[in-house]
Amino acid sequence: MRILTVFGTRPEAIKMAPIIRAARAAKLEMQVCVTAQHRDMLDQMLRVFDIAPARDLNLMQENQTPLQFAARVFESLPPVLHKIRPDWLLVQGDTTTAFSAAFVAFQEKIRVGHVEAGLRTGDKHHPFPEEMNRRLISSLADLNFAPTPRAAANLRAEGISDSRILVTGNTVVDALNHILSAPVSYSDPRLEKLSGKILLVTAHRRENFGAPLEQICAAIRTLAQKFPELSVVLPVHPNPSVRAAVTAQLANRPRILLTDPLSYPEFVHLMKRAALILSDSGGVQEESPTVHTPVLVMRDVTERPEAIESGWAQLVGTSKDEIVSNASAWLSGQKAAPPANTLNPFGDGHAAEKILRALSVSN
Ligand code: UD1
Ligand code: UDP
């Protein structure tokens with residue numbers, strides 16, 4: 001059985017890495033092709049997980065639109081598939097890379113396995129364009145690896161037969177366990193020296209560009225003023241729309257540290273050290289029940305309701321006042337985190353092996 005995995009962004013690399021590692025351990029033939037949708041953040045993760053792609057399409061361009069990027073994948077990926085002729089093409093999540101690669105594989109009559117299938121908000125504009133990407137991948141995929149029973153139920157409700165669905169857990173738990181088992185060294189000494197409470201922040205969603213991102217930045221300024229013992233750390237996403245807004249509103253302010261994107265070990269260990277996380281990220285919501293740090297989700301809807309039900313995540317939207325009042329409640333101890341021994345809704349850390357076993361059985 002020959003498996004080809006195609007990915008291109010930071011979260012895909014993190015969540016595909018455990019599958020590549022497990023395939024190596026089981027001596028399965030798995031090749032990696034990267035689109036490099038995220039040239040810099042992808043390379044950062046390839047180094048962390050020691051992954052050497054067989055093919056690198058190198059397709060990122062400054063300030064690309066999803067459509068422009070998809071067009072480049074449609075053009076560049078078919079020759080790779082003609083050459084490798086995999087039995088399975090594996091994609092992860094809901095990015096433009098994942099959707100376009102799945103669509104190309106379908107056109108080339110290659111079976112598609114979808115890792116992290118079945119997440120839904122039910123609103124095709126939130127998150128945009130990811131909700132449509134993942135719905136389209138589900139209808140193309142031959143095997144859907146659902147991280148949770150609820151994700152599997154979402155797929156069944158769309159008419160996908162049980163024989164094409166397997167609940168595996170999310171591979172992000174596998175990745176986290178691997179990274180947490182080793183000590184970390186920080187590239188920026190200021191991260192080592194942080195004292196007091198840490199508020200860790202990430203923001204990058206397209207639907208938050210403009211006014212919502214301005215509200216988020218205003219909330220961070222207010223929180224830094226209100227809590228004198230607080231250090232805010234914000235690794236800035238390299239998307240130019242994010243970088244410009246965040247730098248304009250938060251650079252050179254006391255106790256607000258803007259950094260480049262952090263390596264996964266640095267970020268994970270900071271999540272663990274943080275008193276609170278503010279984020280609009282998908283992956284960070286899934287990580288909070290493993291690192292045992294609460295996250296306020298700066299979105300109107302989430303496709304990860306399991307994180308909310310676990311008690312580790314709270315949906316707060318993007319208005320400055322809502323963010324400040326909810327963050328203040330957590331930081332001042334009015335809200336308490338759930339007990340650390342609650343069941344992790346995103347799996348037991350063995351998703352990768354389950355996915356590989358299912359591919360072998362179906363081959
Ligand atoms: C993409 C995904 C989103 C995912 C996010 C994770 C789509 C439609 N969006 O959004 O689902 O949550 O990644 O971070 O697939 N850039 C760099 N270096 C990098 C990465 C990005 O310079 O390493 C800049 C480039 O100018 C690039 C821009 O950011 O054109 C946007 O990158 P892109 O992958 O298209 O969109 P994201 O907003 O990162
Ligand atoms: N992450 C990281 N370094 C950072 C910020 C985030 O390694 O500076 C990790 C984070 O732990 C999570 C993933 O990147 O696993 C989330 O990526 P992102 O928020 O870009 O994408 P999303 O999950 O929203 O698609």
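Counting convention: from 1, in listed order, for ligands and their atoms alike.
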Distance from atom 11 (O) of ligand 1 to nearest protein heavy atom, with residue and atom: Glu130 OE2, 2.5 Å

Ile165 and Phe145: side-chain contact (heavy atoms from CB on, under 4.5 Å), yes or no, with the steps? CA-CA 6 Å; Ile165 304 171; Phe145 301 111; over 6 Å; no

Stepwise, does the side-chain contact (heavy atoms from CB on, under 4.5 Å) test hold for Val236 with Leu250? CA-CA 11 Å; Val236 186; Leu250 296 177; over 6 Å; no

At what distance, to the nearest 0.5 angstrom, does CG of Asn170 lie from CG of Asp348? 11.5 Å

Using a strict 4.0 Å threshold on nitrogen-to-oxygen distance, state whether Asp43 and Arg39 make a salt bridge. yes

Give the atoms of ligand 1, by number and element, whose distance to some non-hydrogen atom of Gln61 is under 4.0 Å. 27 (C), 30 (O)

Atom indices of ligand 1, in the order listed, that fall short of 4.0 Å to a heavy atom of Arg39: 19 (C), 23 (O)

May I ask you to identify the nearest protein heavy atom to atom 34 (O) of ligand 1, giving residue, atom name and distance to one decimal place in Å? Gln37 NE2, 2.9 Å

Identity of the nearest option to atom 16 (N) of ligand 1, non-hydrogen atoms only, from His38, Met60, Gln44, Glu62: Met60

Option among Asp280, Ile308, Leu119 that satisfies the side-chain contact (heavy atoms from CB on, under 4.5 Å) test with Thr302: Ile308

Leu199 and Phe227: side-chain contact (heavy atoms from CB on, under 4.5 Å), yes or no, with the steps? CA-CA 10 Å; Leu199 177 67; Phe227 293 92; over 6 Å; no

In the protein, which heavy atom is nearest to atom 29 (O) of ligand 1, and how far is it? Asn239 CA, 3.2 Å

List every atom of ligand 1 that sits less than 4.0 Å from any heavy atom of Asn63, numbering the atoms from 1 in the order shown and giving each element. 25 (C), 26 (O), 27 (C), 30 (O)

Donor on one side chain, acceptor on other, Thr35 and Thr97, under 3.5 Å: yes

Ignoring hydrogens and geometry beyond distance, is a side-chain donor-acceptor pair present between Thr290 and Glu287 at under 3.5 Å? no

How about Arg55 and Gln31: does a side-chain donor come under 3.5 Å of a side-chain acceptor? no

Suppose I only count heavy atoms of Pro129 and a 4.0 Å limit; which atoms of ligand 1 are within that range? 8 (C)

Geometric N/O contact Asn133 with ligand 1, under 3.5 angstrom: no

Do Asp142 and Arg111 sit within salt-bridge range, that is, some charged N less than 4.0 Å from a carboxylate O? no

Ligand 2: which residues have a non-hydrogen atom closer than 4.0 Å? Arg10, Pro11, Ile14, Met45, His204, Arg205, Pro235, Pro261, Leu262, Tyr264, Phe267, Met271, Ser281, Gly282, Gly283, Glu287

Protein residue, atom and distance nearest to atom 36 (O) of ligand 1, heavy-atom basis: Arg206 NH2, 2.9 Å

Which of the atoms in ligand 1, numbered in the order shown and given with their element, are less than 4.0 Å from a heavy-atom of Thr96? 7 (C), 8 (C), 15 (O)

Any idea which protein heavy atom is nearest atom 32 (O) of ligand 1, and the distance to it? Gln64 NE2, 3.7 Å

Any nitrogen or oxygen of Met41, main chain or side chain, under 3.5 Å from a nitrogen or oxygen of ligand 1? yes

Students often mix this up, so state it plainly: with edges at 30° and 60°, are the rings of His204 and His237 parallel, tilted or perpendicular? parallel

Contact atoms of ligand 1, heavy-atom distance to Pro11 under 4.0 Å: 6 (C)

Ion pair check, Glu131 and Arg134, cut-off under 4.0 Å: yes

So, regarding Thr9 and ligand 1 (criterion: nitrogen or oxygen to nitrogen or oxygen, under 3.5 Å), is there a contact or not? no

Quick test: of every protein heavy atom, which one is nearest to atom 5 (C) of ligand 1, and how far off is it to 0.1 Å? His204 NE2, 3.6 Å

Determine, for Glu158 against Arg120, whether the closest basic-nitrogen to carboxylate-oxygen distance falls under 4.0 angstrom. yes

Any ion pair linking Arg150 and Glu309 (charged N to carboxylate O, less than 4.0 Å)? yes

Shortest protein heavy-atom distance from atom 24 (C) of ligand 1, along with the residue and atom involved: Pro238 O, 3.6 Å

If we only consider heavy atoms of His237, is any one of them less than 4.0 Å away from an atom in ligand 1? yes

